[in-house]
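Below is one structure, written out as structure tokens; the observations come after it.
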Amino acid sequence: MKISPLAGKPAPSALLVDVPKLVSAYYTNVPDPEVAEQRVAFGTSGHRGSSFDCSFNEAHVLAISQAICAYRSKQGISGPLFIGIDTHALSAPACASAVEVLAANGVDIMLAEGDEYTPTPAVSHAIIKYNRGRQSGLADGIVITPSHNPPEDGGFKYNPPNGGAADTDVTGWIEAAANALLRAGLKDVKRMPPQKALRLASTHRYDYLNTYVDELDQVIDMALIRDAGIHLGVDPLGGAGVHYWQRIGERYQLNLSVVSEEVDPTFRFMTVDWDGRIRMDPSSSYAMQRLLGMKDRYDIAFACDTDHDRHGIVTRSAGLLPANHYLAVMIDYLFQHRSQWPQAAGIGKTVVSSQIIDRIATRLKRRLYEVPAGFKWFAPGLSDGSLGFGGEESAGATFLRLDGSVWTTDKDGLVPALLAAEITARGGRDPGEVYRRLASELGDPLSTRVEASATPAQKKMLAALSPQQIQSTELAGEKIQDIISKAPGNDAAIGGVRVTTAGGWFAARPSGTEDIYKIYAESFHGAEHLRRIVQEAQAIVDAALATTPTPAAAAK
């Protein structure tokens with residue numbers, strides 16, 4: 001990947017989004033449902049786009065909201081709907097549009113007290129808390145966020161009654177219904193003026209902040225952190241948890257310093273990400289320069305992305321920990337320090353997460369549950385306690401409460417961050433030091449992700465590739481042990497292939513948004529071996545694509 005000369009530097013004014021124009025475009029630009037890029041499209045984390053591109057506009061939100069109302073009616077979901085928004089410029093207008101439709105359809109809406117920004121995990125927590133012990137009248141939710149995407153983007157996610165991100169059968173139904181509404185010119189969308197909607201008896205206020213914060217000691221040993229007196233540094237990155245951290249510090253009497261509580265929809269306080277764009281990604285060293293520059297002031301420091309469902313851990317010993325490194329540290333620690341968790345509780349990971357996790361699972365004698373990309377796959381296991389932990393390579397994770405019951409079923413950036421403080425307080429070593437010990441015992445993998453060009457036809461071929469189409473028997477000098485196109489944990493298609501040897505692996509899958517495919521690779525034998533894996537992976541995939549019959553040819 002080509003690194004921008006702006007990467008890691010303060011965002012210049014030329015990069016800042018024109019917020020008034022962006023919001024105006026939300027209301028005035030009308031998407032054309034005959035153009036694929038302008039239709040409703042749910043990816044692994046909801047519908048995302050920009051109003052400038054006619055991919056996230058009022059029409060989209062009205063259509064999706066009406067489709068969700070139809071889905072709720074079809075499924076008999078009659079409880080309240082919890083709504084949270086982040087600090088992106090398009091989130092507040094989108095929330096207003098959604099409220100117009102939800103209220104007109106008679107839905108009980110749970111808006112944040114004081115119009116507070118609301119992290120994704122606080123919505124998941126609220127849904128689970130409301131539904132606990134209920135068999136009917138269940139609640140669900142909407143989170144309006146494009147996650148860590150650039151400031152000009154908007155996003156809209158639906159969480160069903162299990163509290164997690166909706167599965168593909170749900171999002172597929174909502175997507176199809178929303179696009180039908182778009183094609184019909186929104187004539188079947190019910191709506192009412194927002195001022196009237198806010199006055200209805202069915203529109204309620206909910207204290208997401210204190211309800212979530214007051215139960216944190218049920219998932220993290222807050223007393224241990226308090227008594228250790230370690231100094232914590234937090235950068236909310238101008239996101240939805242911006243006011244949560246100070247409350248957490250006060251509630252649990254922590255030595256906690258918030259780097260900044262500034263909220264600015266241009267995110268002008270960010271340093272630029274690797275590609276020259278502003279992106280609130282706590283796993284990117286380029287975006288995390290502010291906190292990295294302060295790392296020696298704190299015993300442990302951390303940040304979360306804009307909707308606070310991803311974490312970034314900054315240590316004195318290692319700086320910003322790679323996401324896979326911290327996943328390994330969390331898993332190793334949690335399954336040794338959560339005595340009330342079920343003995344059968346397994347470890348959830350995605351197929352492109354580090355295989356040091358596999359080695360930790362073997363040592364812990366815990367079941368490993370590998371799934372495709374997408375946190376939705378972990379929700380059932382977290383709900384019933386068959387999973388103690390779910391995590392993905394993009395720095396998303398959550399885990400059970402201390403007593404082994406469900407906490408959240410969507411990604412939660414706050415509790416992994418606070419767990420870093422618990423780990424430091426208990427052992428006197430930060431997570432960077434803990435990872436070095438793990439690596440010395442189990443192997444020290446190097447990993448990377450690269451991209452290669454692919455036509456839309458080639459992307460379809462790659463997504464449908466079968467293990468039998470890979471002709472190679474060796475990878476980087478080692479015998480290939482395993483080739484999969486379905487995840488071992490749930491037999492769901494991974495949308496590509498993963499090839500594994502004793503000392504490394506690669507996975508290749510098409511991008512959902514660009515004409516490229518991505519190669520994830522890892523080696524336990526060093527940088528040169530990793531380079532060979534990537535080089536040979538491209539050759540293996542290119543050869544497979546070159547010999548893959550087209551759908552038309554395969555049908556003859």
Side-chain angles (χ1 to χ4, degrees), residues 119-122 124-125 212-213 215-228 230-235 241 244-245 248-249 251-252 254-256 282-283 298-305 308-318 320-341 345 347-349 353 357 360 364 375 378 382 387-392 395-408 410-435 437-438:
T120 286
S124 180
H125 178 272
Y212 176 90
V213 169
E215 293 190 1
L216 277 170
D217 59 354
Q218 296 180 27
V219 68
I220 297 291
D221 191 341
M222 304 299 280
L224 176 68
I225 301 171
R226 179 198 65 213
D227 294 345
I230 58 174
H231 192 187
L232 315 179
V234 187
D235 191 345
Y244 280 57
W245 290 107
I248 290 169
R251 169 72 174 77
Y252 296 104
L254 305 182
N255 183 11
L256 184 151
S283 63
Y298 309 108
D299 295 299
I300 189 72
F302 32 80
C304 292
D305 69 337
H308 270 50
D309 73 344
R310 301 187 189 210
H311 59 270
I313 308 301
V314 174
T315 66
R316 284 182 176 177
S317 66
L320 178 64
L321 274 187
N324 275 311
H325 292 193
Y326 187 52
L327 290 182
V329 170
M330 282 194 285
I331 291 165
D332 186 67
Y333 176 85
L334 284 167
F335 284 89
Q336 295 184 73
H337 293 90
R338 294 297 187 264
S339 60
Q340 295 183 60
W341 282 11
I347 298 165
K349 61 166 283 203
S353 297
I357 295 171
I360 291 170
L364 292 169
F375 210 80
F378 300 130
L382 291 164
L387 289 179
F389 175 94
E392 57 186 10
T398 194
F399 41 90
L400 299 179
R401 296 172 188 249
L402 295 165
D403 67 2
S405 62
V406 60
W407 169 248
T408 60
D410 210 336
K411 297 188 292 286
D412 188 334
L414 291 93
V415 293
L418 290 165
L419 185 67
E422 181 185 325
I423 291 169
T424 304
R426 184 178 300 279
R429 294 184 297 179
D430 69 42
E433 296 170 299
V434 174
Y435 180 78
R437 177 182 56 79
L438 282 175

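- Listed here is the closest heavy atom pair of Leu402 and Gln340: O-CB, 3.4 Å.
- In this structure, the side chain of Asp412 does not engage the main chain of Pro121 through any donor-acceptor pair within 3.5 Å.
- The shortest distance between side-chain heavy atoms of Met330 and Leu419 falls below 4.5 Å.
- The distance from atom CG of Asp217 to atom CZ of Arg251, rounded to the nearest 0.5 Å, is 5.5 Å.
- The aromatic rings of Trp407 and Tyr212 sit tilted, their planes meeting at an angle between 30° and 60°.
- Using modelled atom types, no side-chain atom of Tyr326 and backbone atom of Ala395 make a donor-acceptor pair closer than 3.5 Å.
- Partners of Thr424 according to the side-chain contact (heavy atoms from CB on, under 4.5 Å) rule, which considers only residues two or more places apart in sequence or in another chain, are Ile230, Ile300, Asp430, Pro431.
- A distance of 10.5 Å separates NE2 of His308 from OG1 of Thr120, quoted to the nearest 0.5 Å.
- Shown are Thr398, Thr408, Val219; of these, the side chain to side chain contact (heavy atoms under 4.5 Å, CB included) with His125 is made only by Thr408.
- Here Gln218 pairs with Glu215, Arg401 under the side-chain contact (heavy atoms from CB on, under 4.5 Å) rule; sequence neighbours left out.
- Under the rule for a side chain to side chain donor-acceptor pair (under 3.5 Å), His311 has no partner lying at least two apart in sequence or in another chain.
- The shortest non-hydrogen separation linking Pro282 to Ala303 is CB-O, 3.9 Å.
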Stepwise side chain to side chain contact (heavy atoms under 4.5 Å, CB included) check, Phe302 with Leu232:
CA-CA 8 Å; Phe302 32 80; Leu232 315 179; 4.3 Å; yes

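- Considering OG of Ser283 and CG of Leu320, their distance stands at 7.5 Å, rounded to 0.5 Å.
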Solution key, residues 221-228 side-chain donor-acceptor pairs under 3.5 Å, sequence neighbours excluded:
from   : atom 1 : to     : atom 2 : distance (Å)
Asp221 : OD1    : Leu224 : N      : 3.0

Check the pair Asp235 / Trp245 against side chain to side chain contact (heavy atoms under 4.5 Å, CB included), numbers first and verdict last.
CA-CA 9 Å; Asp235 191 345; Trp245 290 107; over 6 Å; no

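- For the atom pair CD1 of Ile331 and OG of Ser353, the computed distance is 8.0 Å after rounding to the nearest 0.5 Å.
- To the nearest 0.5 Å, the span separating CG on Asp305 from CZ on Arg310 amounts to 6.0 Å.
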Applying side chain to side chain contact (heavy atoms under 4.5 Å, CB included), run through Thr315 and Tyr435 and close with a yes or a no.
CA-CA 11 Å; Thr315 66; Tyr435 180 78; over 6 Å; no

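- In this structure, CG in Leu327 is found 10.5 Å from CG in Leu321, a value given to the nearest 0.5 Å.
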Test Ile248 against Leu414 for side chain to side chain contact (heavy atoms under 4.5 Å, CB included), laying out the working first.
CA-CA 10 Å; Ile248 290 169; Leu414 291 93; 3.9 Å; yes

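- By the salt bridge (Lys or Arg N to Asp or Glu O under 4.0 Å) test, Arg429 pairs with no residue at all, sequence neighbours left out.
- Nearest heavy-atom pair, Val406 versus Leu400, reported as atom, atom and distance to 0.1 Å: CA-CD2, 4.1 Å.
- Minimum heavy-atom separation, Ala122 to Tyr244: CB-OH, 3.8 Å.
- Between Phe335 and Trp341, the ring planes lie perpendicular to each other; the angle is over 60°, past the 30° to 60° tilted range.
- Checked against side-chain contact (heavy atoms from CB on, under 4.5 Å), His337 has the following partners two or more places apart in sequence or in another chain: Tyr333, Arg426.
- In terms of modelled atom types and a separation under 3.5 Å, the side chain of Glu422 and the main chain of Leu418 share no donor-acceptor contact.
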